[in-house]
Number of protein chains: 2
Amino acid sequence: MKISIFVVDDHYMVTEGIRSLLQNEKILDWMGHATNAASCLSFLKLHEPDVILMDVNLPDKSGIDLCKEVKQLYPSLAILGLSTFNQQAIIKNMMDNGALGYVLKNATKEELLEAINTVIKGKVYYSFEVLSAMRKPEPNQLLITRREKEVLLLIAEGLTNAEISEKLFISIPTVNTHRKSLLEKFEVKNTAMLIGKASKLGLI
Amino acid sequence: MKISIFVVDDHYMVTEGIRSLLQNEKILDWMGHATNAASCLSFLKLHEPDVILMDVNLPDKSGIDLCKEVKQLYPSLAILGLSTFNQQAIIKNMMDNGALGYVLKNATKEELLEAINTVIKGKVYYSFEVLSAMRKPEPNQLLITRREKEVLLLIAEGLTNAEISEKLFISIPTVNTHRKSLLEKFEVKNTAMLIGKASKLGLI
DNA sequence: GACGTAATCATTAAAAAAGATGATTTTTTA
DNA sequence: TAAAAAATCATCTTTTTTAATGATTACGTC
């Protein structure tokens with residue numbers, strides 16, 4: 001039986017590249033592509049692919065959110081995360097929200113086929129490069145708590161401690177505590193570095 | 001006479017997508033692709049394509065630097081910038097360094113062909129979306145001066161005013177002045193927002 | 001139900017950044 | 001070369017952040 005594939009990516013060159021790579025595989029059935037989350041969801045109301053290749057960055061919502069939604073609506077569907085970024089935070093987030101695997105956009109045809117064949121069986125697939133990135137003993141960015149992340153986002157928006165404390169209904173010293181934890185966990189020494197690093201990691 | 005095309009992009013899916021899009025165009029001659037700046041330069045020692053499609057983000061050096069180098073070595077070569085990002089700062093930078101046009105990775109086949117046919121004649125090409133982005137009266141990010149940019153980078157690295165003043169051999173008040181200009185030009189109210197915005201714009 | 005972590009708040013002090021104004025000297029550029 | 005823009009420095013004030021310590025409460029997990 002054929003494996004049906006659907007791709008969600010806003011870059012036409014990428015979807016076309018994938019189509020071109022996979023078109024001669026007799027085991028695969030190309031169902032088309034969507035360029036945003038909304039049209040992906042519409043498509044899924046009418047069709048049911050076996051595997052979705054899903055970009056992490058979409059114009060209307062993040063691939064991570066879309067992944068979550070799709071997985072709730074169609075739990076049996078296998079989702080493969082797709083991105084140019086090889087970053088623990090993003091990858092982990094994607095996997096936590098239901099993706100079964102993760103491949104980079106510089107993956108070879110062989111990697112892509114292996115990924116598809118792996119997730120279709122319900123197993124987890126990471127490409128080689130992703131694995132080696134995951135192994136790196138990166139700082140503790142992933143360990144930041146819910147509250148710390150809220151504070152981080154507000155800092156990035158330019159709010160001062162006083163403003164944050166108002167917005168979150170907590171005291172200024174508390175905001176300060178979170179702020180200090182963030183500096184520690186990110187291993188940086190001030191706000192500028194914090195935002196820089198968080199930005200690089202795609203957290204803001 | 002055929003137009004020979006060469007692509008520099010580290011994402012295999014993208015180069016494959018472009019190849020697939022262009023393969024049936026009789027007027028074009030596909031010369032292959034490189035996945036990094038170094039192999040692009042090696043290739044150019046042996047061959048001379050008419051047009052290069054060049055990604056802005058390469059693993060070994062930025063497309064902007066590569067663009068500059070290639071243009072110095074082979075002035076007659078037409079370079080088309082290629083990126084997922086539609087940002088004035090990057091686009092302007094690329095064009096200033098010798099690119100003749102700029103297309104996004106979600107460009108259609110028609111756009112791509114038009115871009116190639118335009119730059120081969122020595123004319124400038126912007127895709128529709130790029131043009132509309134350029135028209136937007138974005139802040140004054142592009143107008144930051146050399147010195148301001150230096151200061152910006154050091155701020156992003158986490159240096160304090162005192163440290164920056166030492167590094168650049170200027171007084172602390174001067175650093176402060178630059179810092180304040182940066183806040184103004186970026187239309188932000190503190191360091192956190194500054195770094196966030198600069199990061200989004202790909203300046204750091 | 002004990003334990004660890006997260007989240008909360010407090011106090012005090014030092015360091016750094018931001019805001020306001022003004023002024024001089026280079027550099028660029030029209 | 002004259003005007004405009006950039007880079008430099010100064011003073012002073014206010015706001016904000018960072019640091020150092022300590023402590024209580026809430027919550028989920030084993």
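The chains referred to below are lettered A, B, ... by the order of the sequence lines, with proteins before strands, and numbering in each begins at 1. Not measured: the values here are computed from a predicted model.
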I need the [atom1]-[atom2] distance between [X] and [N], as an integer number of Å.
X        : N      : atom1 : atom2 : answer
A:Glu150 : C:dA7  : CD    : P     : 9 Å
A:Lys189 : D:dA20 : NZ    : P     : 14 Å
A:Leu182 : C:dA7  : CG    : C1'   : 13 Å
B:Ile172 : D:dA10 : CD1   : P     : 10 Å
A:Ile195 : C:dA17 : CD1   : C1'   : 15 Å
B:Ile170 : D:dA6  : CD1   : C1'   : 12 Å
B:Asn176 : D:dT8  : CG    : C1'   : 13 Å
A:Ile164 : D:dT16 : CD1   : P     : 11 Å

Using a cut-off of 4.0 Å on non-hydrogen atoms, how would the nucleic acid contact of [X] be classed: base, sugar-phosphate, or nothing?
X        : answer
B:Thr145 : sugar-phosphate
B:Thr177 : base
B:Thr160 : sugar-phosphate
A:Asn190 : sugar-phosphate

ask   = From B:Thr177 OG1 over to B:Lys180 NZ, what is the distance, rounded to the nearest 0.5 angstrom?
value = 5.5 Å

request  = Could you grab the distance from atom CE of B:Met193 to atom CG of A:Leu159, nearest 0.5 Å is fine?
outcome  = 8.5 Å

So, is [X] close to the [N] phosphate, meaning a side-chain N or O under 4.0 Å from OP1 or OP2?
X        : N      : answer
B:His178 : D:dA6  : no
A:Asn161 : D:dT16 : no
A:Thr174 : C:dT8  : no

Given [options], which nucleotide is nearest the side-chain atoms of [X]?
X        : options                : value
B:Pro173 : C:dA17, D:dT18, D:dT11 : D:dT11
B:Arg147 : D:dT18, D:dA7, D:dA10  : D:dA7
A:Arg179 : D:dT8, D:dT18, C:dA10  : D:dT18
B:Lys180 : D:dC9, C:dA20, D:dT8   : C:dA20

inquiry  = If you assign each of B:Arg146 and A:Leu159 to its closest nucleotide in DNA chain D, which residue comes earlier from the 5' end?
reply    = B:Arg146

query = According to the Watson-Crick and G-U wobble definitions, with both distances under 3.5 Å, which nucleotide is paired to C:dA30?
reply = D:dT1

task = Would you tell me whether A:Thr35 and A:Asp10 have side-chain atoms, one donor and one acceptor, within less than 3.5 Å of each other?
result = no

ask   = Knowing that exactly one of B:Lys105, B:Met54, B:Glu16 qualifies, which makes a side chain to side chain contact (heavy atoms under 4.5 Å, CB included) with B:Asp9?
value = B:Lys105

ask   = Is the B:Phe43-B:Phe6 ring centre distance short of 6.0 angstrom?
value = yes

ask   = Taking the side chain as C-beta and beyond, is there a heavy-atom pair between A:Leu112 and A:Leu53 under 4.5 Å?
value = yes

